[in-house]
2 protein chains.
Amino acid sequence: MQQCCVNILHMKVTRNTAAKGAILDLITNSDSALSHSEIHKLTADLCDRVTIYRILDRLVNEDVIHKIVNLDGTIKYAKCHHANHVHIHNHVHFSCEKCLKVTCMENVQPSYIIPRNYKVNDVNFTLSGLCPNCL
Amino acid sequence: MQQCCVNILHMKVTRNTAAKGAILDLITNSDSALSHSEIHKLTADLCDRVTIYRILDRLVNEDVIHKIVNLDGTIKYAKCHHANHVHIHNHVHFSCEKCLKVTCMENVQPSYIIPRNYKVNDVNFTLSGLCPNCL
DNA sequence: TTTTAAATGCAACAATGTTGCGTTAATATT
DNA sequence: AATATTAACGCAACATTGTTGCATTTAAAA
């Protein structure tokens, strides 16, 4: 018994399938975060539309990819970056107004001051404008 | 000729209607940002679903309300706060995980450092966790 | 009061996301 | 290698969300 991947929320064993591998490759090798529809177009007849939704949910629950909400409300997916087995979700993203690409910004740490009667669990910081390629 | 409101993008005169007034009142008096579906439920049979979309678009273009993208991708609307005729869009919001309310945070100014080859036009900063009421 | 065109309701459509269920296939067990 | 288990799949159906065209209504200027 050698399980390779688990859903960290339900501690259930998940399986590696062709479609899952292909979609993860796509996200891993993309220089920007991808939406469901973009993945659907890029994979053509790899699998059903519903299957893509389920694979994305699984990869998020396995903590392999993470969701990014774009400024227009569309949801995109990008690879998670782990450091020394400690998982640090990077929630700083740049959304280019021209090429519409969403990229994760490593090493950008925003600072802020907020009243004490709020408990902050998550930080979502999206900057929009022009990326280096479109400037 | 006494025009009361204009679409600042197209400089076209807009009209005050019962539905528009009621929806603006709703947003103005709400302590949290409201989504299209929330407004639809709260207004019952005030007007058609499509009309709500159009009224919200109009109010955004008139610079009276602004859009907020929630962490789950849903779009919410809140009143704009102007100071001395100078319009300052406040893009810092708090999204409560428990009561699901989205509130605008005045006076919170995040600071950040970003590479020079990016041109930032807009900042969207959403913190999530527990609000004072749910803490 | 008349004129105008902005705003509305309605129907139809497109896009996006979800659910149930029978079938397929990845993986552990024998 | 064969078998058993059940996660993953395809497909159909459905729910939600957002858009567009067009005839009608109505706010506001003339």
Whole-Å distance, B/Asp57 CG to D/dT20 P, equals 10 Å
In whole angstroms, the gap separating C1' of C/dA5 from NE2 of B/His10 amounts to 16 Å
query: At under 4.0 Å, does any side-chain N or O of B/Thr17 touch on OP1 or OP2 of C/dA6?
result: no
Between CD1 of A/Ile52 and P of C/dA15 the distance, given in whole Å, is 15 Å
Donor-acceptor pairs under 3.5 Å, side chain of residues 20-30 of chain B to any protein atom, not counting sequence neighbours: which ones?
{"from": "B/Lys20", "atom 1": "NZ", "to": "B/Arg15", "atom 2": "O", "distance (Å)": "3.4"}
{"from": "B/Lys20", "atom 1": "NZ", "to": "B/Asn16", "atom 2": "OD1", "distance (Å)": "3.4"}
{"from": "B/Lys20", "atom 1": "NZ", "to": "B/Glu62", "atom 2": "OE1", "distance (Å)": "3.2"}
{"from": "B/Lys20", "atom 1": "NZ", "to": "B/Glu62", "atom 2": "OE2", "distance (Å)": "3.0"}
{"from": "B/Thr28", "atom 1": "OG1", "to": "B/Leu24", "atom 2": "O", "distance (Å)": "2.6"}
{"from": "B/Asn29", "atom 1": "ND2", "to": "B/Asp25", "atom 2": "O", "distance (Å)": "3.1"}
{"from": "B/Ser30", "atom 1": "OG", "to": "B/Ser32", "atom 2": "N", "distance (Å)": "3.2"}
{"from": "B/Ser30", "atom 1": "OG", "to": "B/Ser32", "atom 2": "O", "distance (Å)": "2.6"}

- Task: Check the angle between the aromatic planes of B/His66 and B/His93 and answer parallel, tilted or perpendicular using the 30° and 60° thresholds.
- Result: parallel
For A/Val69 and B/Leu71, the nearest pair of non-hydrogen atoms, with its separation, is CG2-O, 2.8 Å
Query raised in the report: According to the interplanar angle, ranging from 0 to 90°, do the rings of A/His36 and A/Tyr53 count as parallel (below 30°), tilted (30 to 60°) or perpendicular (above 60°)?
Result: parallel
Between its two end axes (five pairs each) the helix from C/dT1-D/dA30 to C/dT30-D/dA1 turns, nearest 10 degrees, through 40°
- May I ask you to evaluate whether B/Thr51 reaches the phosphate of C/dG9, defined as a side-chain N or O under 4.0 Å from OP1 or OP2? yes
Rounded to whole Å, CG of A/Leu56 lies from P of D/dA8 at a distance of 14 Å
ILVMFWY network linking B/Ile114 to A/Ile68, side-chain heavy atoms under 4.5 angstrom
no
A/His40 NE2 to D/dC9 C1', in whole Å, measures 15 Å
Taken to the nearest whole Å, CD/A/Glu38 to C1'/C/dT16 is 14 Å
Is a side-chain donor or acceptor of A/Ser35 paired with a backbone partner of A/Glu38 at a separation under 3.5 angstrom?
yes
query = Shared ILVMFWY cluster between A/Val64 and A/Ile75, side chains joined below 4.5 angstrom?
reply = yes
Point to revise | Flag for B/Ser111-A/Ser111: side-chain donor and acceptor within less than 3.5 Å | key: yes
A/Asn16 atom CG is separated from D/dA8 atom C1', nearest whole Å, by 12 Å
Polar atom pairs (N or O), protein with nucleotides 11-17 of chain D, under 3.5 Å:
{"from": "D/dC11", "atom 1": "N4", "to": "A/Arg54", "atom 2": "NH2", "distance (Å)": "3.4"}

When B/Ile75 and A/Ala19 are each assigned the nearest nucleotide of DNA chain D, the 5'-most assignment goes to A/Ala19
- If we ignore angles and hydrogens, is there a donor and acceptor under 3.5 Å between the side chains of A/Asn70 and A/Ser95? yes
task = Establish, with yes or no, whether the OP1 or OP2 oxygen of D/dT6 is under 4.0 angstrom from a side-chain nitrogen or oxygen of A/Arg15.
result = no
Here the distance between atom P of C/dT16 and atom CD1 of A/Ile39, to the nearest Å, is 13 Å
